[in-house]
Structures are given as structure tokens and as C-alpha cells.
2 protein chains.
Amino acid sequence: MAWNFDDNRPIYSQLVEILETKIVSGEYQPGAKLPSVRELAITAAVNPNTMQRAFSELEREGLVNTNRTSGRTVTEDPNMLRQVRSQLARGHVDYFFKKMKELGYTNQEITSLANEAASKEDNQ
Amino acid sequence: MAWNFDDNRPIYSQLVEILETKIVSGEYQPGAKLPSVRELAITAAVNPNTMQRAFSELEREGLVNTNRTSGRTVTEDPNMLRQVRSQLARGHVDYFFKKMKELGYTNQEITSLANEAASKEDNQ
DNA sequence: ATTATTGTATTAGTAGCTTAATACAGTAAT
DNA sequence: ATTACTGTATTAAGCTACTAATACAATAAT
């Protein structure tokens with residue numbers, strides 16, 4: 001997953017979303033040590049303060065644990081990981097339907113488009 | 001469709017999205033006269049300058065026509081309306097799949113969730 | 001013990017978004 | 001002709017996000 005940002009949203013909140021996704025999808029394994037704030041800031045090409053701000057949010061959610069001098073680790077609680085993953089997915093589904101209905105699409109048309117898109121893309 | 005904004009994106013760009021949706025979904029009919037900038041600014045509870053900025057974008061896209069002293073009208077070109085509607089829908093579908101795959105969902109899981117959501121919501 | 005690395009905090013400057021308050025020119029309505 | 005309404009432009013102020021440049025305390029590594 002790439003570190004691409006769109007200009008229309010604050011970077012720190014996009015960082016939160018990206019880091020959450022990397023964690024719950026397993027790209028960062030449960031219990032694994034995360035790169036340091038400075039290191040990740042370089043990787044993502046953002047200011048360390050901005051990365052720090054994103055991590056404050058992840059810390060608040062409980063997805064990461066912080067040891068002041070030895071760095072951060074991903075939570076090892078599998079229930080939390082599953083739950084956050086489901087929440088994020090649910091949010092995407094709801095948002096998708098909300099937007100499509102605003103455009104005037106019916107449930108049937110929406111699922112047809114989804115099935116069509118799934119069959120056209122690379123499998124898995 | 002309501003005039004609700006989230007804090008994480010510029011209001012003018014959210015206005016563009018809302019106005020586009022109202023137009024291509026038919027809430028604002030083809031050829032119809034639109035409320036004035038000042039009037040819409042009051043309705044949406046934003047500054048007239050912000051609403052003006054949004055309309056500049058719609059004007060640039062060709063979705064509305066501007067008569068300097070008599071106001072704005074929705075385009076009467078049905079092809080343009082259909083095309084923009086499809087573009088917006090396609091964007092939502094693509095974004096939905098992109099985000100779900102980042103979370104580690106397969107095509108099959110994605111379409112299952114979509115079908116499930118469609119059957120649970122109010123029909124149509 | 002010394003060094004390097006960790007998270008964290010602070011201060012300053014820049015840029016963009018939004019609001020506010022006007023103002024102007026053209027036209028429709030009266 | 002006067003009035004009201006149209007889109008449009010300008011200037012100023014306030015706020016937030018972001019970057020930059022440091023600094024400090026705690027700990028791991030040497």
C-alpha cells in the first residue's frame with residue numbers, strides 16, 4: 001500500500017487511515033515493532049510532527065502500544081484487529097451505498113455494478 | 001439531499017460534489033433556473049464567496065450555464081448529464097473496491113457484503 | 001560511561017480555506 | 001426612470017494544517 005495523499009484532506013488524517021489499514025490487513029503484524037516516527041516520516045515524505053500526530057490517534061484507539069524509549073508495537077489483541085477491520089469495511093459499504101443512492105441508483109443497479117466490477121478485475 | 005459537511009475537506013469542494021449530484025440525479029431539472037449564489041449560500045449556511053467558488057467549477061465543467069444578470073441554469077444536454085452521472089458512479093465503485101482490497105477482502109467477499117447490504121436496506 | 005535512538009514538546013513561519021464587508025456593472029421588474 | 005436582483009471582484013482578518021528547526025528525557029546498545 002502506497003503513501004499517496006490527495007490534496008483535499010489533512011495529511012495527518014490520511015496517515016491515520018493508511019496506518020490503520022496496514023495494521024488490520026496484516027501488513028504490520030500483531031505485536032510487531034513499528035518503524036520510528038522519524039523513519040516513517042521519511043518514508044511517507046511528511047514532517048515528523050505530522051506523523052506523530054497520526055500516531056497519537058492510533059494510540060488513543062488502542063491499535064498500537066507506545067513505549068516511550070523503545071518505540072511502538074502493533075496491538076496483539078486479535079479481537080480488536082478483527083473488530084476495527086470490520087468497522088472500516090462496514091463504513092466503506094455504507095458510504096458506497098449512500099453515494100450511489102444519492103446519484104439515483106437502485107439497490108439492484110448497485111449490486112449489478114458491483115458484481116460486474118468484481119468479475120472484470122483480477123481475481124482475488 | 002442535505003447540506004452536511006465533514007470537517008476534513010474544504011467546503012467548496014464538497015459543495016461541488018453535492019451540486020453535481022443534485023444536477024445529475026435530477027433534483028435540479030435540466031434547463032431549470034438555479035437559486036442565486038446568495039440564496040444558496042444562505043441555504044447551505046456558507047459564505048457567498050465559497051458558493052461562488054463552487055459554481056466556478058461547475059461552470060468550467062459545463063454542467064451549468066451562466067447569464068451574468070439573469071442567473072444560472074442547469075445544462076439541457078442529456079448526454080452530458082448521463083456521462084457525468086456514470087463517471088461519478090464509476091468513481092464510487094472503483095474507490096469502494098480499492099479500499100476493500102486494501103483491507104484484505106476478496107472480490108467474492110466484497111460482492112457478498114454488497115448483496116447483503118442491498119437486501120437489508122429499504123427497497124429501491 | 002558514552003553514544004545513539006526513542007517518543008515528545010515547543011516555537012516560528014508559510015499557505016490555503018473561510019468568513020466578512022463592500023463595491024460594481026448589467027438587466028429584469030416595477 | 002427607479003428599484004431590486006444578478007454574477008463578480010476585492011480587501012482584510014482569523015483559523016487550521018503543515019513544515020522546519022530545535023530541544024529534552026529516557027533507554028537500548030556499545
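Protein chains get the first letters and strands the later ones, always in sequence-line order, with residue 1 at the start of each.
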| request: Not counting sequence neighbours, list each pair that qualifies as a salt bridge (charged side-chain N to carboxylate O under 4.0 Å, His left out) and has a residue in residues 71-91 of chain B. | output: Arg90(B)-Asp94(B)
| query | Which comes earlier along DNA chain D counting from the 5' end, the contact point of Asn67(B) or that of Thr50(A), where each point is its nearest nucleotide? | reply | Asn67(B)
| field | Contacts of type side chain to side chain contact (heavy atoms under 4.5 Å, CB included), residue Gln108(A), not counting sequence neighbours | value | Thr106(A)
| Residues which pass salt bridge (Lys or Arg N to Asp or Glu O under 4.0 Å) with Glu20(B), listed by chain and number, not counting sequence neighbours | none
Please tabulate, one pair per line, each protein N/O and nucleotide N/O from nucleotides 24-29 of chain C that are separated by under 3.5 Å, including the distance.
unit_1	atom_1	unit_2	atom_2	d
dT27(C)	O4'	Thr69(B)	OG1	2.8

| message | With a 4.0 Å cutoff (strictly under), does any side-chain N or O of Arg53(A) reach OP1 or OP2 of dA17(D)? | response | yes
| remark: Looking only at dT19(D), dG7(C), dT8(D), the nucleotide nearest the Ser36(A) side chain is dG7(C)
| note | Between Gln52(A) and Asn49(B), whichever has its closest DNA chain C nucleotide further toward 5' is Gln52(A)
| request: Using a heavy-atom cut-off of under 4.0 Å over every strand shown, decide if Tyr12(B) touches base, sugar-phosphate, or nothing. | output: sugar-phosphate
| Taking atom C1' of dA17(D) as reference, at what distance in whole Å does atom CG of Asp7(A) sit? | 13 Å
| note | side chain to side chain contact (heavy atoms under 4.5 Å, CB included) filter on Asp7(A), not counting sequence neighbours, yields none
| Length of the line joining Leu34(B):CG and dC5(D):C1', which is rounded to integer Å | 16 Å
| request: Could you state the atom-to-atom distance from CD of Glu57(A) to P of dT8(C) in whole Å? | output: 14 Å
| task | Salt-bridge test for Glu102(B) and Lys98(B): reply yes if a basic N is under 4.0 Å from a carboxylate O, no otherwise. | result | yes
| field | Any residue meeting side chain to side chain donor-acceptor pair (under 3.5 Å) with Glu59(A), in chain and number order, not counting sequence neighbours | value | Thr66(A)
